[in-house]
Amino acid sequence: MTSLERARELLAEFPVADGHNDLPWALREQVRYDLDARDIAVSQTAHLHTDIPRLRAGGVGAQYWSVYVRADLPDPVPATLEQIDCVRRLIDRHPADLRAALTAADMETAREQGRIASLMGAEGGHSIANSLGTLRGLYELGVRYMTLTHNDNVDWADSATDEPGVGGLSAFGREVVREMNRLGMLVDLSHVAATTMRDALDASSAPVIFSHSSARAVCDHPRNVPDDVLERLPANGGMAMVTFVPKFVLQAAVEWTAAAGENLRAHGFFDLDTTAEAMKVHRAFEEANPRPVATVATVADHLDHMREAAGIDHLGIGGDYDGTAFTPDGLNDVSGYPNLIAELLDRGWSTADLAKLTWKNAVRVLGAAEDVSRALQATRGPSHATIGSLDG
């Protein structure tokens, strides 16, 4: 049996629980949520990284759908609600393949039914507009993690890709973390500054996640996780989910991507724009400036290092499909996960360790957050704090 065949066999039992996929934003940008125009029941290879046939081919058993909205939108809360509505409509439209999941038990039920557990993660604290009531509202609508920042700071937390604002988490930011713990909403530390990572680990009584981040020691990009933070995950119980984005995994791609982003902005596009018009500009830039290409082995190098730093019980996968213009060779879309598992098998990873990487760790972490939530709700009610009362 080849490594790829062994990988597919493993994924049939312990499928990938992926931490981050931006399909809802791609549907917003491309077709304004017209699900007939981008019917994911059939192949959408010309437009998307994600559709149901390729999710099935990739061995995906659970997906956190990102309900991301841009931080510069004037009204991020209604835009986030539109993203949530998109996910709900996708689940309703494809009941044979997708199952709404709110708990670790729901994930296991979906696996038993042969359906893809569909969870939601809000990407950026701007989505709550400095309101703990809004945070609770998102939880009630099914959001099970929130990334504390996106690429820009929020008033109470510093981003990895912005200038320092409050030096990590403010007092209100720590209260946000505590309220997320009380709710059972996972604290996601992808995108945040290292100072914010450390402050959140200090403040959190529940496991944290990195929904789509790789190792800074392997690729020196501020979006990646420093070793001292990875080394704290065993005590916290959390997990870091390796991402595939070339500019976060391949050092040569860091500088190239910065230049490509500048080129997009010079042509009037947002630097993360993946619309057809923006991609024409991207392709012209790439033709003149050949793009450094990451591979499956590049991602596996990160996982090898992260296993040394954090341990196998604290790793997962968060591909960031449909949230990136480029992907590594062999991980071109959501059908590519078996190639990564095959690479790790060739590197000597055991099937027991790979089952933790793909499925077991993600289920355990969500379940642990639920346990913490039950204990906290027995001792305290919802926080009524405001950013004004805590930060002045």
Side-chain angles (χ1 to χ4, degrees), residues 64 67 76-77 80-81 84 100-107 119-149 153-158 165-193 195-211 229 232-239 314 361-392:
Y64 278 96
V67 292
V77 177
T80 303
L81 298 181
I84 292 170
L102 301 175
T103 65
D106 289 342
M107 294 174 70
L119 306 101
M120 289 185 281
E123 190 176 16
H126 57 283
S127 287
I128 65 168
N130 296 336
S131 164
L132 295 181
T134 301
L135 175 72
R136 290 188 286 270
L138 294 186
Y139 182 84
E140 290 299 321
L141 291 172
V143 173
R144 287 300 177 265
Y145 76 64
M146 183 174 74
T147 321
L148 299 186
T149 74
N153 296 343
V154 294
D155 292 334
W156 43 269
D158 286 352
V166 296
L169 284 177
S170 71
F172 183 73
R174 292 189 290 274
E175 188 70 3
V176 170
V177 168
R178 286 191 287 266
E179 188 66 1
M180 292 174 72
N181 290 166
R182 193 192 67 83
L183 289 169
M185 184 186 289
L186 290 165
V187 176
D188 178 22
L189 301 180
S190 287
H191 279 287
V192 307
T195 50
T196 307
M197 297 175 193
R198 297 176 186 118
D199 283 355
L201 282 163
D202 290 341
S204 183
S205 55
V208 303
I209 65 167
F210 292 84
S211 66
V229 175
R232 292 185 61 177
L233 289 179
N236 167 264
M239 64 186 296
H314 306 284
N361 290 342
V363 175
R364 174 189 60 78
V365 166
L366 182 58
E370 294 165 18
D371 291 342
V372 170
S373 171
R374 280 188 288 270
L376 291 176
Q377 290 190 32
T379 62
R380 70 171 192 255
S383 172
H384 302 297
T386 66
I387 192 166
S389 68
L390 293 181
D391 290 351

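Small disclaimer: the values here were computed from a predicted structure and weren't measured. Throughout, numbering of the chain's residues begins at 1 and tracks the sequence. Any value given below was found using the heavy atoms of this structure, including those in side chains, with hydrogens, waters and symmetry copies removed.
Listed by first and then second residue, the salt bridge (charged side-chain N to carboxylate O under 4.0 Å, His left out) pairs that reach into residues 130-147 are R136-E179, sequence neighbours excluded. Counting only residues at least two apart or on different chains, no salt bridge (charged side-chain N to carboxylate O under 4.0 Å, His left out) pair has a member in residues 121-133. For residues 374-392, the salt bridge (charged side-chain N to carboxylate O under 4.0 Å, His left out) pairs, not counting sequence neighbours, are D371-R374.
A donor-acceptor distance shorter than 3.5 angstrom exists from the side chain of N236 to the backbone of V208, with no hydrogens or angles considered. Not a single donor-acceptor pair under 3.5 Å links the side chain of N130 to the backbone N or O of I387. Panel note: side chain E370, backbone A104; a donor-acceptor pair is recorded below 3.5 Å. Side-chain atoms of S127 do not come within 3.5 Å of backbone N or O of V77 as any donor-acceptor pair. The backbone N or O of T196 sits nowhere less than 3.5 Å from a side-chain atom of D158 that would complete a donor-acceptor pair. Distance alone, capped at 3.5 Å, is enough to place a donor-acceptor pair between the T80 side chain and the P76 backbone. The backbone N or O of L201 sits nowhere less than 3.5 Å from a side-chain atom of S204 that would complete a donor-acceptor pair. At distances below 3.5 Å, not a single donor-acceptor pair connects side-chain atoms of T149 with backbone N or O atoms of V154.
Residues M180 and V187 come closest through the heavy atom pair CE-CA, 3.7 Å. Residue S190 comes nearest to S211 through the heavy atom pair OG-N, 3.1 Å, listed as atom of the first residue, atom of the second, then distance. The shortest non-hydrogen separation linking A369 to P207 is N-CD, 4.3 Å. In plain terms, the two heavy atoms of V229 and F210 that are nearest each other are CG1-CZ, 3.7 Å. Scanning both residues, G167 and D199, for their nearest heavy atoms gives O-OD2, 3.8 Å. Nearest heavy-atom pair across A200 and L189 is CB-CD2, 3.6 Å.
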* To do: Quick one: do W156 and L390 satisfy side-chain contact (heavy atoms from CB on, under 4.5 Å)? Show the steps, please.
  => CA-CA 10 Å; W156 43 269; L390 293 181; over 6 Å; no
* To do: May I have the step-by-step check of side-chain contact (heavy atoms from CB on, under 4.5 Å) for L138 and I84, ending in yes or no?
  => CA-CA 9 Å; L138 294 186; I84 292 170; 3.9 Å; yes
* side-chain contact (heavy atoms from CB on, under 4.5 Å) between V177 and L148: does it pass, once the steps are laid out? -> CA-CA 9 Å; V177 168; L148 299 186; 4.2 Å; yes
* Passes side-chain contact (heavy atoms from CB on, under 4.5 Å), D155 versus F172? Steps please. -> CA-CA 9 Å; D155 292 334; F172 183 73; over 6 Å; no
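With contacts defined as side-chain heavy-atom distances shorter than 4.5 Å, the pair L119/D106 does not qualify. The side-chain heavy atoms of V176 and M185, taken from C-beta on, include no pair separated by under 4.5 Å. Using a 4.5 Å heavy-atom cutoff, the side chains of L132 and R182 are not in contact. Using a 4.5 Å heavy-atom cutoff, the side chains of M120 and L141 are not in contact.
Taking CG of N181 as the start and CD of E175 as the end, the distance is 10.5 Å to the nearest 0.5 Å. In this structure, the separation between OG1 on T147 and NE2 on H126 is 9.5 Å, given to the nearest 0.5 Å.
Residues satisfying the side chain to side chain contact (heavy atoms under 4.5 Å, CB included) criterion with S131, sequence neighbours excluded, are T134. Evaluation of the ring-ring contact (aromatic ring centres under 6.0 Å, His included) rule for H314 yields no partner, not counting sequence neighbours. For R174, there are no salt bridge (charged side-chain N to carboxylate O under 4.0 Å, His left out) partners at least two apart in sequence or on another chain.
In this structure, Y64 and Y145 have tilted ring planes: the angle between them lies in the 30° to 60° band.
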